[in-house]
Amino acid sequence: GNLKIHLSQTLTQSPGVQAMAVPVDLQQLASDKERELQSLRQQHTQLLEQAIQASKHDLLQERKRLQQLQSDFEYNLSLLEQRDAELSRYDTTFSEVRSTVSGLVAENSELKVQLDTLRGELGKERLAQQSLKAHYTTRVEQLQSQMEA
């Protein structure tokens with residue numbers, strides 16, 4: 001449409017060209033070029049629409065992938081938090097056990113000292129008992145020999 005009018009106006013308004021009619025084959029050529037241009041625009045538009053659809057599809061796939069990555073990240077993060085909490089409990093338990101073991105080792109050392117002390121006292125008591133027994137045995141023998149005499 002516009003190309004025909006423009007071409008027609010240009011030819012009729014050019015200096016040296018007297019109001020002459022545009023030849024039919026030139027109008028046909030302009031009409032053919034306009035149709036060709038329209039066809040190219042439609043093809044270009046279709047290609048752009050296809051590219052937009054492909055981009056939308058790719059974007060949707062990437063969003064799904066991002067959501068999956070976020071979900072996986074949150075799951076792994078929760079696993080790490082659970083593991084950290086468990087390790088903290090183990091640390092607390094280990095500290096308690098270590099403290100208990102240290103107390104038992106100290107108590108064992110004290111009991112060994114007490115046992116050694118008691119063994120020493122028992123040895124002294126046995127010696128004292130043997131000494132007393134020997135003393136009283138001798139005394140009994142002396143009294144028996146005095147009574148017989």
Donor-acceptor pairs are to be reported for all side-chain atoms of residues 38-58 against protein atoms at under 3.5 Å, with residues two or more places apart or in another chain.
unit_1, atom_1, unit_2, atom_2, d
Thr45, OG1, Arg41, O, 2.7
Ser55, OG, Ala51, O, 3.0

Using the side chain to side chain donor-acceptor pair (under 3.5 Å) rule, collect all pairs that involve residues 120-137, keeping only residues at least two apart or in two chains.
none
List in chain and number order the residues that pass salt bridge (Lys or Arg N to Asp or Glu O under 4.0 Å) with Asp91, two or more places apart in sequence or in another chain; answer none if no residue qualifies.
none
Salt bridge (Lys or Arg N to Asp or Glu O under 4.0 Å) filter on Glu141, not counting sequence neighbours, yields none
Once side chain to side chain contact (heavy atoms under 4.5 Å, CB included) is applied, do any residues pair with Val140, and if so which ones, sequence neighbours excluded?
Gln144
By side-chain hydrogen bond (donor to acceptor under 3.5 Å, both in side chains) - contacts of Glu86 (at least two apart)
Tyr90
Tell me if the CZ atom of Arg35 is crowded by more than 12 foreign heavy atoms within 6.0 Å.
yes
Let me have the donor-acceptor pairs involving side chains of residues 102-120, under 3.5 Å, with sequence neighbours excluded, atom names and distances please.
unit_1, atom_1, unit_2, atom_2, d
Ser102, OG, Arg98, O, 3.0
Ser109, OG, Val105, O, 3.1
Thr117, OG1, Val113, O, 2.8

Nearest 0.5 Å, what's the CG-CG distance between Leu79 and Asp84?
11.0 Å
Would you give the length of the straight line joining atom CD of Glu96 to atom OG of Ser99, rounded to the nearest 0.5 angstrom?
8.5 Å
Nonpolar side-chain network containing Met147, other nodes, edges under 4.5 Å
none
Just distance, no hydrogens or angles: give the donor-acceptor pairs under 3.5 Å from side chains in residues 63-70, sequence neighbours left out.
unit_1, atom_1, unit_2, atom_2, d
Arg65, NH1, Glu62, OE1, 3.2
Gln68, NE2, Asp72, OD1, 2.8

Applying side-chain hydrogen bond (donor to acceptor under 3.5 Å, both in side chains), can you list everything that pairs with Arg83, at least two apart in sequence or on another chain?
none
